[in-house]
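Below: the structure, in structure tokens.
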2 protein chains.
Amino acid sequence: MRSSDNPSRKATSFDVARQAGVSRATVSRTFTPNASVSPETREKVHKAAKELGYRVNYLARSLINRRSDLVGIVVAGMDNPFRAQQVHEIAKALVSRNFRPILLPADQGESADHVMDQLLHYNVSGVLVTSDAPPTELCREFAVHGIPIVLINKGDPIPLVDRVISDNATAGRVAAETLVECGAKQLAVLSASHVSYAARHREAAFVARGMDLGCAPRVVPVLINDYQNGLAAGRDLDGIDGLFCINDYMACGVIDALRTKPQDPKNRIRLIGHDDIGQAAWQAYGLTTFRQPCDIQASQAIDLLISRMADPELEERTVLTPVTLVRRVTA
Amino acid sequence: MRSSDNPSRKATSFDVARQAGVSRATVSRTFTPNASVSPETREKVHKAAKELGYRVNYLARSLINRRSDLVGIVVAGMDNPFRAQQVHEIAKALVSRNFRPILLPADQGESADHVMDQLLHYNVSGVLVTSDAPPTELCREFAVHGIPIVLINKGDPIPLVDRVISDNATAGRVAAETLVECGAKQLAVLSASHVSYAARHREAAFVARGMDLGCAPRVVPVLINDYQNGLAAGRDLDGIDGLFCINDYMACGVIDALRTKPQDPKNRIRLIGHDDIGQAAWQAYGLTTFRQPCDIQASQAIDLLISRMADPELEERTVLTPVTLVRRVTA
DNA sequence: CGCCTCAATGTACACGTGTACATTGCCATG
DNA sequence: CATGGCAATGTACACGTGTACATTGAGGCG
């Protein structure tokens, strides 16, 4: 009389076994792929399970399986529409592969340590990080426990930590080339490179290629890569006719600033962003930008997770995802 | 020799007990509030735990505690910036109260049943729903298991299901009044009322108040409340000088459509949106709109969850959260 | 000193599940 | 018919934890 017939308690495999007239092990086997159960008993068990509203308790299962199929998503800066889309795609991809995403917002700037620590209590099967990269120390602790971490477009190499990174070098290079093709001569790049790995690399590639082409770009630093900083920077911009914004979120601010500024029509500023957020395609912006394939990145990240779950000792890997230039009206 | 000294396995309370020279029960008590442990043993246990990198396994604990502190978030339409913000606020609020949000994207239109079914396997402590309301059938199944569901701004009353809803009636009423105050005479409301509970109620209140004021509003139906539909509808708009958009996401589309349209300057369209998404404050839009306090809604929703966890038999409740009109340039 | 109280700790069971091992019975093959 | 193989099922243990109950010992009080 372990599980009583108290209807408010969830039915257990014990209850189903009794109802179906089989042993508990057989019930368990019925819900385990590739287990040996005769068709008619399987039928009986399914019927009993349905009647009792039984569901396998994955948390109990995780104890013996040693895998919870929970995967942490650590994210900061969800006000950036690109981040929101990224989270959405990652969550969808995880669910479609039978993982459950457990969402951990890390306030921007603030360290994600405390939040990631919680994940260790939940026996997560892995962690996807799109906020700032966690400190090496913490990463090693995860590695010791055999919990894979994948960084998405963040951070320099860390031992045993895989990364999916966008092709920032190509983006920076093509941005410079495209702006020059459009006739720009005075290049600049807008980026908060100290807070973002991606920004650093896009900026560097842009500057390098710009110099190759004979137009040494000016680097305009900002505090954060957001709309407000784009707006403010856009107002101060001067003597520039080709601008690369490290992301679209900021580029929208720049466009809004330029809109209210007296423009020299024969010398308007060409503008290129990055991410292809929804707003870039809005009629008010028509922003030329680089599309990052969020869905593919998510999918790749999960592939990395899975393969490292199988073999935690793997050398760390880096997957490069391509960017494609989407030309609209700003360049 | 249950837990061997295999370093790749996580340390268990057993290991900590051995290291600290106490029983396993004492270790458990050390990590349980209000349990009786002498200060010096507590110290010993903490030391041993730190050395071994021990963390309580919440999943194992949930078996005996009957509460996992996992809370499901079911959400659809994350492309709408308001939804993204909502998810962010909910996740933050949950984490700050020591719950873990498990994010379940429900593809818009598609039923969330399958996705919510998964939650039953994870013994969630509750579910927050911001997508379409789940069918009564499914809700009752959750109720039977004592799992609280809270709907946020969605759905008509369901037995035993609490709701947090925005003051849609006031929004609709004040929208009509404000537009008329601004001098509008030909009112209209843009809304996909068949897919959204909130839209239905805002629309109804707007129409009712408009008629009171002697300007019977025209109802312009759309398929979905998104940017694209706003854009398309905005192009066809005619003979209108005061428009209430059921949400900002759509209103941005309308503004973009109007921007490229030949405007009659002495009779421009006054426009009011709803949600106060980030873009509403962008310079390109300056949208007058109603602010929904996401953070308060999230907090209230969790309060409802907690109180119903304590007493699942409670009569269903509805919490109304206020809206405040934010006046910018469109009205 | 004898007795009672109470804080501190250990023992043992429960939570719901997967699976190694043993057992059963059927069927084919010699 | 005897035997071996194999599918199907049951038994028993393990996963990591919380806690009721029993036990111990120290201290207060008559």
Side-chain angles (χ1 to χ4, degrees), chain A residues 1-4 6 8-45 48-49 52-69 120-124 145-146, chain B residues 1-4 6 8-45 48-49 52-69 120-124 145-146:
Chain A
M1 173 90 77
R2 288 154 66 102
S3 304
S4 79
N6 181 338
S8 93
R9 274 239 213 301
K10 300 176 83 132
T12 73
S13 58
F14 203 83
D15 303 318
V16 177
R18 180 159 29 115
Q19 173 112 354
V22 298
S23 83
R24 206 185 51 73
T26 301
V27 175
S28 175
R29 276 190 272 260
T30 302
F31 294 101
T32 306
N34 308 327
S36 171
V37 186
S38 83
E40 51 267 26
T41 37
R42 178 182 302 271
E43 184 63 26
K44 272 194 303 186
V45 171
L52 297 175
Y54 169 74
R55 332 261 159 156
V56 178
N57 185 335
Y58 286 174
L59 302 185
R61 170 189 276 182
S62 82
L63 272 191
I64 153 129
N65 271 351
R66 302 200 131 69
R67 43 178 298 177
S68 63
D69 290 346
L120 288 172
H121 290 273
Y122 278 91
N123 240 342
V124 291
H145 293 324
Chain B
M1 173 90 79
R2 287 155 65 104
S3 304
S4 79
N6 181 340
S8 93
R9 275 241 213 300
K10 300 176 82 134
T12 73
S13 58
F14 204 83
D15 303 318
V16 177
R18 183 160 25 120
Q19 174 111 353
V22 299
S23 83
R24 204 185 53 72
T26 301
V27 175
S28 174
R29 276 190 273 260
T30 301
F31 294 101
T32 305
N34 308 326
S36 171
V37 185
S38 84
E40 51 266 27
T41 39
R42 178 183 301 272
E43 184 62 27
K44 273 193 302 185
V45 171
L52 296 175
Y54 169 74
R55 331 260 159 155
V56 177
N57 184 335
Y58 286 174
L59 302 186
R61 169 189 278 183
S62 82
L63 272 191
I64 155 131
N65 271 351
R66 299 200 134 70
R67 44 178 298 176
S68 63
D69 289 346
L120 289 172
H121 290 272
Y122 278 90
N123 239 344
V124 291
H145 293 324

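Residue numbers start from 1 in every chain, and the chains themselves are labelled A, B, ... in the order their sequence lines are given, proteins ahead of strands. What you see below is based on every heavy atom in this structure, not just the backbone, and it leaves out hydrogens, waters and symmetry mates.
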Roughly how many Å is it from [atom1] in [X] to [atom2] in [N], rounded to a whole number?
X        : N      : atom1 : atom2 : result
A:Phe14  : D:dT11 : CZ    : C1'   : 13 Å
A:Asn65  : C:dG16 : CG    : C1'   : 12 Å
A:Asn123 : C:dT17 : CG    : P     : 17 Å
A:Glu43  : D:dA8  : CD    : C1'   : 17 Å
A:Asn57  : D:dT17 : CG    : P     : 16 Å
B:Leu59  : D:dG18 : CG    : P     : 12 Å
A:Asp69  : C:dT17 : CG    : P     : 16 Å
B:Asn34  : C:dA8  : CG    : C1'   : 16 Å

Looking for any heavy atom pair under 4.0 Å, which part of the strands does [X] touch: base, sugar-phosphate only, or nothing?
X       : result
B:Arg42 : nothing
B:Arg67 : nothing
B:Ser62 : nothing
A:Phe31 : nothing

Please report the closest heavy-atom contact between [X] and [Y], naming both atoms and the distance.
X       : Y       : answer
A:Ala11 : A:Leu52 : CB-O, 3.8 Å
A:Ala20 : A:Ala48 : CB-CB, 3.9 Å
A:Val56 : A:Arg61 : CG1-NH2, 3.6 Å
A:Val16 : A:Ala49 : CG1-N, 4.0 Å
A:Val37 : A:Arg29 : CG2-CB, 3.6 Å
A:Ser28 : A:Thr32 : O-OG1, 2.8 Å

### Query
Mapping B:Val37 and B:Leu63 onto DNA chain C by nearest heavy atom, which one lands closer to the 5' end?
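The residue whose closest nucleotide sits nearer the 5' end is B:Val37.
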### Side-chain donor/acceptor contact of A:Arg66 with base of D:dG16 under 3.5 Å
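Absent.
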### Query
For the base of C:dG10, is there a side-chain donor-acceptor partner from B:Arg29 under 3.5 Å away?
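When only heavy-atom distances are counted, B:Arg29 does reach the base of C:dG10 through a donor-acceptor pair under 3.5 Å.
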Counting side-chain heavy atoms from CB outward, which of [options] is closest to [X]?
X       : options                : result
B:Arg24 : D:dA12, D:dT9, D:dT19  : D:dT19
A:Ala25 : C:dG16, D:dT19, D:dT11 : D:dT11
B:Ser38 : C:dA8, C:dG16, D:dT19  : C:dA8
A:Thr26 : C:dT17, C:dG10, D:dT9  : D:dT9
A:Ile64 : C:dT17, C:dT11, D:dG18 : C:dT17
A:Thr32 : C:dT17, C:dT19, C:dG10 : C:dT19
B:Ser23 : C:dT17, C:dT11, C:dA8  : C:dT11
B:Pro39 : D:dT9, D:dG18, C:dA8   : C:dA8

### Task
Please figure out whether B:Tyr54 or A:Glu40 has its closest DNA chain D nucleotide nearer the 5' end.
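Taking each residue's closest nucleotide, the earlier one in sequence belongs to A:Glu40.
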### Message
I'd like to know if the side chain of B:Ser68 reaches the main chain of B:Asn123, judged simply by a donor and an acceptor atom lying under 3.5 Å from each other, with no hydrogens or angles considered.
### Response
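Yes, because the side chain of B:Ser68 sits within donor-acceptor range (under 3.5 Å) of the backbone of B:Asn123.
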### Query
Would a distance-only check, ignoring hydrogens and angles, find a side-chain to backbone donor-acceptor pair under 3.5 Å from B:Asn57 to B:Leu59?
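Yes; at least one donor-acceptor contact below 3.5 Å.
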[N] phosphate, OP1 or OP2: any side-chain N/O from [X] under 4.0 angstrom?
X       : N      : result
A:Tyr58 : C:dG18 : no
B:Ser28 : D:dG18 : yes
B:Ser36 : C:dA8  : yes

### Query
Given the side-chain rings of B:Phe31 and B:Tyr54, with only the six-membered ring counted for Trp, is the space between their centroids under 6.0 Å?
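Yes - the distance between ring centres of B:Phe31 and B:Tyr54 falls below the 6.0 Å cut-off.
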### Relative orientation of the end axes in the helix from C:dC1-D:dG30 to C:dG30-D:dC1, expressed as an angle to the nearest 10° (five pairs per end)
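Result, rounded to 10 degrees: 50°.
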